[in-house]
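These values consider heavy atoms only, across backbone and side chains, with no hydrogens, waters or symmetry-generated copies.
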2 protein chains.
Amino acid sequence: MTTEHARLVGHQTETWDAQLVPTDRGRVRQPTPDCPVEVALSAISGRWTTLVLRELMHGPCSFSELRDLLPALSAKVLADRLHGLVERGLVVCERTAGFPVRTRYQLTARGQALRPLLKTLYEVGSALAEGPEAIDSPCGGE
Amino acid sequence: MTTEHARLVGHQTETWDAQLVPTDRGRVRQPTPDCPVEVALSAISGRWTTLVLRELMHGPCSFSELRDLLPALSAKVLADRLHGLVERGLVVCERTAGFPVRTRYQLTARGQALRPLLKTLYEVGSALAEGPEAIDSPCGGE
DNA sequence: CGGAATCCTATCGGATACTG
DNA sequence: CAGTATCCGATAGGATTCCG
């Protein structure tokens with residue numbers, strides 16, 4: 001009875017895993033935008049986003065530097081990603097006045113907060129990749 | 001010069017952040033399927049997936065139980081998600097022989113490996129949600 | 001240099017209806 | 001109960017071309 005789920009949904013008494021859902025914000029039955037998990041997911045959403053973030057974690061970059069670091073990423077998609085990141089306050093962009101224009105994309109403090117997430121993605125992904133001993137599960141079956 | 005990036009890409013000497021990219025598998029310039037980060041991302045990819053995983057983390061569920069727990073999730077999408085998870089060896093499905101048919105979706109050991117990821121998503125998402133003190137960044141600008 | 005504009009295809013996810 | 005089948009609108013994201 002240790003991991004029993006008393007999830008009699010139609011009727012009160014719902015227990016939540018304190019590790020997965022520590023606060024009320026996570027007690028959702030739909031992918032609502034204000035659920036912390038959704039917030040984090042949308043921060044890294046979109047193809048190439050984690051790679052762009054990885055480069056920026058390393059230090060500020062100009063548009064072209066990012067293009068050089070990720071040659072297969074098209075200008076349009078890079079601009080899309082960058083705009084999304086700026087929109088969410090994860091990155092700031094500074095531009096020089098002169099010509100040719102120079103840009104400087106840089107993580108904000110909030111953007112830096114994504115570091116542990118990238119780290120965990122890597123760790124968990126590594127664990128999944130190396131261990132194809134799938135099939136059986138020691139879950140808490142009754 | 002502590003966090004300088006000696007990323008002279010066109011020419012050798014690339015340094016990698018040992019925390020973000022500890023192994024060769026992550027030294028990629030594109031979203032390749034075998035990069036650990038991509039492996040983890042594809043494990044949780046798709047709308048509703050993290051919610052389905054959350055329920056399964058709590059214990060095995062039948063198809064209908066999942067539908068009750070996530071009422072706004074359509075049968076089609078739930079089936080899609082479940083199939084994807086089974087395909088990747090994160091979940092197993094058992095069915096009773098009799099009638100009516102009963103199912104039992106359960107996380108595998110690999111599926112359980114996603115727990116720390118869900119936890120981190122929640123934590124990082126919470127940090128982002130509560131701290132809109134965006135703008136300035138104490139990054140390692142030169 | 002640093003993009004924006006346009007176009008085009010693939011896939012996603014939701015609604016609805018039906019089946020073993 | 002546990003799905004499948006079909007349809008369909010909305011994006012995502014890549015290629016290409018042009019602009020300040």
*For B:Y105 and D:dC1, is the shortest distance between a side-chain N/O and OP1 or OP2 below 4.0 Å?*
no
_What is the distance, to the nearest angstrom, from the CZ atom on B:R104 to the P atom on D:dA2?_
13 Å
*Do any side-chain nitrogens or oxygens of B:H83 fall under 4.0 Å of OP1 or OP2 in D:dT4?*
yes
*Under 4.0 Å between a side-chain N or O of B:R95 and OP1 or OP2 of D:dG3?*
yes
_Euclidean distance, atom CG of residue A:D68 to atom C1' of C:dG3 [Å, nearest integer]_ = 15 Å
*asked:* Over all strands shown, is A:R102 touching base, sugar-phosphate only, or nothing at heavy-atom distances under 4.0 angstrom?
replied: sugar-phosphate
*asked:* Looking at every heavy atom in both A:L118 and B:V37, which two are closest together, and how far apart are they?
replied: O-CG2, 4.5 Å
*Rounded to the nearest Å, what distance is computed from the CG atom of residue A:L69 to the C1' atom of nucleotide C:dG2?*
16 Å
*asked:* What is the separation between atom CG on A:L85 and atom P on C:dG3, rounded to the nearest whole Å?
replied: 13 Å
*Contact pattern, 5' to 3', of nucleotides 5-20 of chain D - B, S or - by protein heavy atom under 4.0 Å*: --------BBB-----
*asked:* Just N and O in the side chain of A:S62: are any of them under 4.0 Å from OP1 or OP2 of C:dC1?
replied: no
_Nearest-Å distance for atom pair CD/P, residues A:Q30 and C:dG13_ = 15 Å
